[in-house]
Amino acid sequence: MNLLSSNDLSKEQIERIFGIADSVLAGKEEAALKEGSILALLFQKPSTRTRVSFEAAMAQLGGATIYIDAMTSQMSRGESFADTSRILSSYCDFIAARLNSHADLLQMADSSSVPVINALTDLEHPTQALADIYTIRNHRHNLKGTKIAFMGDIATNTANSLMVTAAKLGMEISLIGPKNYAPNAVYFNKAREYSTVYVHDTPEEGLEDANIIYTDTFVSMGQEKEAEERRRIFAPYQVNAHALELAREDALVMHCLPAHRGEEITDDVLDGPRSIVWEQAKNKMLIAKAVLLFLSV
Ligand code: CP
Ligand code: NVA
């Protein structure tokens, strides 16, 4: 089994991963990795949290990791994703890949003899969404009916994975962003199969009754050429003190990080009492462990 897309996980599987994370946290792991397990981390894009949380998770579970910067591998000279994956899977027990293109990840999975984990692509960030919802679950008694508002670039990878994962658990979703940056239709329609998903172009409408306000960068990795235009167009969707006033009084704030302070979120909100961003980031390691254990059974 792989973890390539949030679309592939059923509600029961998501809950199983959360259950494993709870057991790991309580020090009562039900599952274990095969002795001497190795995780290959193949990255085409930068990472701090995803890379380090998987490396630390693997070390604490008794395994080892090998980090491969795609640019210093033979991929930089044209070796295919399929051939690379075939080779890595003959040495290692898992592959986690952060790739520019989701289609390349699917190719890697096709040629791999071991589980492949999506560590972010242009379309998705499924392990992030798991860490996000796991964090929300620690604060909200009932996920069903909890309203999460994603404000900013609602067509980005984190929004895609988050809306599908949240919807499967019965959360209500509000997507707030500029009219010309519509959500990705595939993920939007998938999320609507499970729950209510609203799209708004004003924070006033979209944040009403929100329990959670979530944001991500306005300029994702690979979009640097559009940076200036994006910063201008998305500016009205900043998560700031005014945005907090529009949501529920006890609304919590989340961000997958890295934050661009003063762009999509202000310092006072990110570092303020309503922010659960640091807990959310910390939970990435617990979810990394849970995902590895889930895929090894
Ligand atoms: N949230 C997240 O994926 O962070 P990194 O890019 O640092 O891995
Ligand atoms: N949407 C962001 C997420 C970073 C974790 C990006 O792709 O750069």
Side-chain angles (χ1 to χ4, degrees), residues 6 43-50 70-71 98-105 118-126 128-129 132 148-164 166 173-191 197-208 210 212-247 253-271 275 277 280-281:
S6 301
F43 279 47
Q44 283 187 310
K45 294 181 175 190
S47 170
T48 300
R49 281 147 288 269
T50 308
M71 276 315 289
R98 170 167 286 199
L99 304 183
N100 295 320
S101 153
H102 196 79
D104 292 337
L105 183 77
N118 180 347
L120 181 146
T121 63
D122 55 338
L123 289 183
E124 289 207 43
H125 200 358
Q128 180 69 48
D132 298 339
I148 183 163
F150 190 110
M151 186 151 81
D153 184 2
I154 55 178
T156 197
N157 42 20
T158 50
N160 292 342
S161 285
L162 189 69
M163 72 175 96
V164 170
I173 297 146
S174 170
L175 303 170
I176 314 153
K179 272 208 169 79
N180 293 338
Y181 289 78
N184 177 306
V186 171
Y187 295 93
F188 176 65
N189 289 329
K190 179 55 81 178
V197 189
Y198 306 95
V199 183
H200 295 287
D201 62 358
T202 68
E204 284 72 18
E205 288 170 317
L207 290 174
E208 200 183 344
I212 309 283
I213 308 174
Y214 193 114
T215 191
D216 184 7
T217 181
F218 295 156
V219 187
S220 282
M221 292 180 276
Q223 296 177 329
E224 290 74 11
K225 280 196 189 126
E226 304 164 33
E228 208 176 304
E229 190 188 354
R230 285 181 155 267
R231 285 193 191 106
R232 184 173 49 76
I233 291 171
F234 286 101
Y237 302 93
Q238 183 186 64
V239 177
N240 52 29
H242 174 62
L244 287 197
E245 281 170 18
L246 301 171
V253 174
M254 302 183 78
H255 189 314
C256 61
L257 299 177
H260 303 80
R261 290 168 176 265
E263 290 182 21
E264 74 276 4
I265 193 163
T266 52
D267 285 335
D268 56 324
V269 171
L270 184 61
D271 299 322
S275 165
V277 172
Q280 175 189 2

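In this text the structure is predicted, and so the values were computed from the model without any measurement.
- The closest donor-acceptor contact from the side chain of D122 to the backbone of H102 lies under 3.5 Å.
- Partners of D271 under the salt bridge (charged side-chain N to carboxylate O under 4.0 Å, His left out) rule, at least two apart in sequence or in another chain, are R261.
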Show the numbers, then the answer: is there a side chain to side chain contact (heavy atoms under 4.5 Å, CB included) between V253 and I265?
CA-CA 10 Å; V253 174; I265 193 163; 3.9 Å; yes
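- Legend: residues meeting side-chain hydrogen bond (donor to acceptor under 3.5 Å, both in side chains) with S161, ordered by chain and number and at least two apart, are S6, E124.
- Under the side-chain hydrogen bond (donor to acceptor under 3.5 Å, both in side chains) criterion, S275 pairs with no residue, sequence neighbours left out.
- With sequence neighbours excluded, no residue forms a side chain to side chain contact (heavy atoms under 4.5 Å, CB included) with A182.
- The side chain to side chain contact (heavy atoms under 4.5 Å, CB included) check on F150 picks up I154, T156, T158, A159, L162, L175, Y214, D216, with sequence neighbours excluded.
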Run the side chain to side chain contact (heavy atoms under 4.5 Å, CB included) check on H255 and E264 step by step: do they pass?
CA-CA 9 Å; H255 189 314; E264 74 276 4; 2.7 Å; yes
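- Listed by chain and residue number, S174, I176, L207, A210 satisfy the side chain to side chain contact (heavy atoms under 4.5 Å, CB included) test with A149 (two or more places apart in sequence, or in another chain).
- In terms of heavy-atom proximity, R49 sits nearest to C256 at CD-O, 3.9 Å.
- Not counting sequence neighbours, the partners of F218 by the ring pair (Phe, Tyr, Trp, His ring centres under 6.0 Å) test are F234.
- Residues M163 and P183 approach most closely at CE-CB, 4.3 Å, considering heavy atoms.
- Separation of atoms NZ (K45) and CE (M221) is listed at 5.5 Å; rounding is to 0.5 Å.
- Judged as a side-chain hydrogen bond (donor to acceptor under 3.5 Å, both in side chains), and not counting sequence neighbours, the contacts of T202 are E205.
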E226/V219 under side chain to side chain contact (heavy atoms under 4.5 Å, CB included): CA gap, chis, key distance, verdict:
CA-CA 8 Å; E226 304 164 33; V219 187; over 6 Å; no
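- To the nearest 0.5 Å, atom CG of residue L105 and atom OG1 of residue T121 are 6.5 Å apart.
- Here salt bridge (charged side-chain N to carboxylate O under 4.0 Å, His left out) pairs that include residues 149-164, with residues two or more places apart or in two chains, are D153-R230.
- By the neighbour-count criterion of 12 heavy atoms within 6.0 Å, atom CD of E224 is densely surrounded, having more than that number from other residues, nucleotides or ligands.
- In terms of modelled atom types and a separation under 3.5 Å, the side chain of N157 and the main chain of H125 share no donor-acceptor contact.
- The shortest side-chain heavy-atom distance between L120 and Q128 does not fall under the 4.5 Å cut-off.
- Remark: side-chain polar atoms of Q223 are paired, donor with acceptor, to backbone N or O of S220 under 3.5 angstrom.
- Judged by distance alone, the side chain of Q44 and the main-chain N or O of N100 form a donor-acceptor pair under 3.5 Å.
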Just list the side-chain donor-acceptor pairs under 3.5 Å for residues 237-247, sequence neighbours left out, or say none.
residue: Y237; atom: OH; partner: D201; partner atom: O; Å: 2.6
residue: Q238; atom: OE1; partner: N240; partner atom: ND2; Å: 3.0
residue: Q238; atom: NE2; partner: G262; partner atom: O; Å: 3.1
residue: Q238; atom: NE2; partner: E263; partner atom: O; Å: 3.0
residue: N240; atom: OD1; partner: H242; partner atom: N; Å: 3.2
residue: N240; atom: OD1; partner: A243; partner atom: N; Å: 3.0

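- When the side-chain hydrogen bond (donor to acceptor under 3.5 Å, both in side chains) test is applied to T50, the partners found at least two apart in sequence or on another chain are R98, K284.
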